[in-house]
Amino acid sequence: MGLYHHFNSIKSEEGVNTVSTMNHSLFRIQQQRLFQLAKAKRISALELQSTVEQLCEAMSEMIQCERVSVWIFDQERPALTAVNIFNGSHSKGAVLHKEDFPAYFSLLQGTRVLSICDVSTDQRVEELYPHYFREAGNIKSMIDAPIVMANGVIGVICCETSKQIEWGKLDESLAGSFADLIAFLFDSIQQQELEQKLEHLAYYDPLTGLPNLNLFYKEAAHRMERLSPCVCYIEIDQLHQMIDALGYDSGDLIVKKIADRFSRLLKEGEFLAKADQAHFIFFTDRKNIEERIHQIQFLLTTPFKVNNFDVAASFSFGISQTGCSAKELLQTAQIALNKGKEKTSRNGLTYFTGEMKDSSRDHFEIEMNLRKGLELNQFILYYQPQINTSSGEITGFEALVRWNHPEIGLVAPDVFIPLAESTGFIVPLGEWIIEESIQKISELQRTGMKDAMISVNISPRQFIHENLPDMILRTLKLHEVSPDKLCLEITESVAMEENSLVIERLNLFSKKGIRLSIDDFGTGFSAFVYLQDYPVNEIKVDREFIRLLTKNKKSEALVKTIIDLAENLELSVIAEGVESFEQLTLLKSLGCDCFQGYLIGRPMPAEELDEWVREFSFDL
C-alpha cells in the first residue's frame, strides 16, 4: 500500500477531515503510524523521489493546502533546490538563492516551525513577497519546517495555500513531524550509502577498484571447487625506487596503470586482487601455467607514461599450486616470492617447494627465539670507545647489541636486527638497549667519568614509535642522567625524511637536550644542505670512506667535504672504523673531531670495558 493511500486510510479510520479538528490523542496515533510506516519501509535511493512525491500528496490532503514542497540545501552553492513541488502535479529543480533571500535562509537555522497566516504583512518573509508567493500561486498562508539532521539543517518543507488560514498547534506539529519524517528518510538513505561504501571498502581496493584480500579468499574458495587452482603472488619490482625517481605522486599512478593493464589481460576463470601497494594476487588454473605467466610478464612490461616519463616496470612472481585452501595457496605463494627475491631483485619466477616451507618455519622459529631471548636475558650490550683526535681523551662510547644464543653462540646484529625490524621486535629490543645504556652512563659517572656519553642506534621503526620520547625521558629521570649524555644515532635516510612526525621528533629530542647524530653519513642520496634545517649535533662518517681514506683520493676528498660541511654548520664529526695510525693522522689533519675503531678498541662487554677504562692511555 502506498504512503498516500495509507494516510487516507488513517484519515477514514479516525473519521476526521483535517488535522485542525483532531484531538491530541488522535494526532499522536496518526503521528506514530506515520513513523511506523516509514521505519517499516526501507527506502532505496531510487525509490526516494516517488516516496517524497507520495508524502507531499498525503501532507497536502491532511493539512488541507494545495501546495507542498521539499527543498534541500545545495552543497555546491548557497541555495535551496526543490526535490519535489506538489501543486496538483509534481515538479522539481526550482532554485532559491541565498543572495536573493538572506533573511529567510538565516531564519531557517533557528526555527522549528515558521507558521504565517498572512504572508503579505509578516516581516519575516517580506523578501519573499510578492514575487515568490505570486509565482507559487498567489500564496496567502504558509507553514515551513526546517529539515534537521545530526549535521544541522539540510533543507525545509513548505506547506502553502492561496486561502488565508489561522494555523493551529496541531497543524504546526504535523508540519514538524513531516519535516522529521523527511529527515528520517534522508538519514536512512545516507546510512544505506554509508553501508554500501563500507561494504565496498571491505572487499575492494579504493585506488584500483580491484578486489582485496577479503574478496580474494571468498572468490578463490568458490573457484577452487571447479578447477585445479594456481595462485601467483606478484610484486612490482623496485616500486619505491621508481617513486623516488619520478616523485611521490607517481606511486599511485604507476600502480593504477599496472592494475588497469593487468585487468584487461584476464581470461575467463582468472581472478586478480590487490594485496598492498606493490603486490597483486593472481588466481588461475594450473594448466599451462608457465606459458601463461610468461605471456603476462611480457604484456605487462610494455612501457607506459607517468608524469611524462616512459616507465617500464618489471615483476617478480611467487607461484604456488600447493594448498587445500585459498589461504594456504596464498601463504605458500608469498614464501616462493620471498625466496626468489633472495636470489634476484627483478623478473623472478619462483615455484613453491616443500623445502621452502621448512626454511620459513626456521625463520619463524628464529623470530620466536628473539622474543624469548629478551625474556631470558640473552641479549648483552658491547661498548666501543670514542676518542677525541686532539686530546686523546675518551669522549664516550657507542652501545652495540649482541645476542648470546645458548646453542648458536654470539650472534652479530647484522644477522638478527633486520629480522627484528621487519617483525616489530625492534621496538621492545630498542627500549631495552636504551634503558641499559642510560643505566651504564649512570655507573660511569659514579666512577668519575662525569662527561662520558653513550650513543645508541635507533631504527627507523623505533624512531617514530609513539612511546619512544616518554620512555627515554622517564629512564633518564629514573637514573638521574642529564639528557645531553645520551646520543641517538639515526640513519641519514631517516633524518632527511620529509615527514612531519620525523621532524617533530627531531625537534622534541633536541629541545629536551638529547644529542642527535646521523649515522653512516654520506651513503645516502640526501642533499647536504638539508642538514641546516635539522637540529642534529654530529655526523658519523661511514667506515667505508675511512677504509679507503689513505688509498683513494676520492674518499679523502669526500671525507674532507663532510668535515668542512660539519664545521660550517657547527656540527661535530666522528669517523668510524679507524684501524691504522695512518688513517688517524690524516683524519686529524682534515679536522675530524673524534674517532672510533679497532685502532683504539673493539666493542667490548661492560665488565671488560670497566677494566679497559682504568688502564686506558693513548698518545697521539
Side-chain angles (χ1 to χ4, degrees), residues 190-240 242-243 248-286 289 292-293 296-297 299-300 304 306 311 313-341 348-350 352 360 422-424 461:
Q190 285 187 5
Q191 284 295 115
Q192 291 176 55
E193 291 175 348
L194 178 60
E195 289 170 8
Q196 291 169 359
K197 287 179 181 178
L198 290 175
E199 184 176 2
H200 191 272
L201 287 174
Y203 289 106
Y204 291 91
D205 172 61
L207 172 64
T208 62
L210 288 175
N212 62 16
L213 277 172
N214 294 329
L215 188 53
F216 165 77
Y217 287 132
K218 292 180 67 173
E219 277 291 323
H222 177 66
R223 294 170 188 237
M224 285 177 70
E225 300 172 359
R226 305 195 306 270
L227 46 76
S228 301
C230 175
V231 168
C232 303
Y233 194 64
I234 306 168
E235 179 174 305
I236 306 171
D237 294 329
Q238 299 178 328
L239 175 62
H240 293 294
M242 287 192 281
I243 294 173
Y248 182 77
D249 64 337
S250 67
D252 287 349
L253 291 172
I254 292 171
V255 173
K256 195 171 186 315
K257 284 181 179 290
I258 290 171
D260 291 344
R261 179 177 291 180
F262 205 153
S263 298
R264 292 195 296 270
L265 301 178
L266 296 179
K267 294 182 178 180
E268 185 178 355
E270 293 180 337
F271 183 71
L272 182 67
K274 188 161 176 284
D276 55 39
Q277 186 186 30
H279 295 93
F280 295 93
I281 308 165
F282 177 49
F283 182 97
T284 187
D285 195 307
R286 69 179 64 171
I289 183 61
R292 178 66 176 135
I293 290 175
I296 289 173
Q297 276 186 311
L299 293 172
L300 285 178
F304 52 86
V306 174
V311 176
S314 66
F315 304 84
S316 294
F317 286 68
I319 307 160
S320 175
Q321 305 171 59
T322 305
C324 57
S325 68
K327 192 169 187 178
E328 189 175 356
L329 273 167
L330 177 57
Q331 288 175 338
T332 48
Q334 287 176 302
I335 291 171
L337 176 68
N338 292 336
K339 287 297 177 185
K341 281 291 185 178
L349 191 65
T350 310
F352 174 78
S360 293
S422 65
T423 60
R461 189 165 185 167

(request) Please report the closest heavy-atom contact between Ala326 and Ala221, naming both atoms and the distance. (result) CB-N, 4.3 Å

(message) Side chains of Arg286 and Pro229, heavy atoms from C-beta outward: is any pair under 4.5 Å?
(response) yes

(request) Taking all heavy atoms of Ala336 and all of Ile319, pick out the closest pair and write down the distance. (result) CB-N, 3.9 Å

(message) Quick test of your reading of the model: are Asp205 and Lys256 salt-bridged, counting only N-O distances below 4.0 Å?
(response) no

(message) Atom OH of residue position Tyr217 - does it have more than 12 heavy atoms of other residues, nucleotides or ligands inside 6.0 Å?
(response) yes

(request) To the nearest 0.5 angstrom, please state how far the CG atom of Asp276 sits from the CD atom of Glu235. (result) 8.5 Å

(message) Working note: Ile258 + Phe280, criterion side chain to side chain contact (heavy atoms under 4.5 Å, CB included); need CA distance, chi angles, decisive distance, verdict.
(response) CA-CA 10 Å; Ile258 290 171; Phe280 295 93; 3.9 Å; yes

(request) Give the intermediate values and the outcome of side chain to side chain contact (heavy atoms under 4.5 Å, CB included) for residues Leu337 and His279. (result) CA-CA 11 Å; Leu337 176 68; His279 295 93; 3.8 Å; yes

(request) Determine the minimum heavy-atom distance between Gln321 and Ile289, stating which atoms define it. (result) NE2-CG2, 4.1 Å

(message) Looking at every heavy atom in both Gly340 and Thr350, which two are closest together, and how far apart are they?
(response) CA-OG1, 3.2 Å

(message) How long is the straight-line distance from CD1 of Ile234 back to CG of Leu272, given to the nearest 0.5 Å?
(response) 7.0 Å

(request) Indicate whether any N or O donor in one side chain lies under 3.5 Å from an N or O acceptor in the other, for Glu270 and Thr284. (result) yes

(request) Kindly check if the number of other-residue, nucleotide or ligand heavy atoms within 6.0 Å of OH (Tyr204) is above 12? (result) no

(request) Please report the closest heavy-atom contact between Ser316 and Lys341, naming both atoms and the distance. (result) OG-NZ, 3.5 Å

(request) Working to the nearest 0.5 Å, report the span between CZ of Phe352 and CG of Asn338. (result) 11.5 Å

(message) Contact between Met242 and Val306 at the side-chain level, heavy atoms closer than 4.5 Å - yes or no?
(response) no

(request) Look only at the side chain of Asp237 and the backbone of Ala313, and say whether a donor-acceptor pair between them is shorter than 3.5 Å. (result) no

(message) I'd like to check Phe283 versus Glu219 (side-chain heavy atoms, cut-off strictly below 4.5 Å). Are they in contact?
(response) no

(request) Determine the sole option in Phe271, Tyr233, Phe262 for which the ring pair (Phe, Tyr, Trp, His ring centres under 6.0 Å) test with Phe282 is passed. (result) Phe262

(message) Please give me the minimum heavy-atom distance between Ser320 and Ala333, naming the atom from each residue.
(response) CB-N, 3.5 Å

(message) Can you confirm whether Val255 sits close enough to Lys274 that some side-chain heavy atom of one is under 4.5 Å from a side-chain heavy atom of the other?
(response) yes

(message) Working to the nearest 0.5 angstrom, can you tell me the gap between Arg292 CZ and Gln297 CD?
(response) 12.0 Å

(request) Give, for atom CZ of Phe315 and atom CG of Leu300, the distance between the pair rounded to the nearest 0.5 Å. (result) 4.5 Å

(message) Within this structure, what is the CG-SG distance for the pair Leu329 and Cys232, rounded to the nearest 0.5 Å?
(response) 10.5 Å

(request) May I ask you to say whether Asp260 pairs ionically with Arg264, meaning some side-chain N is under 4.0 Å from a carboxylate O? (result) no

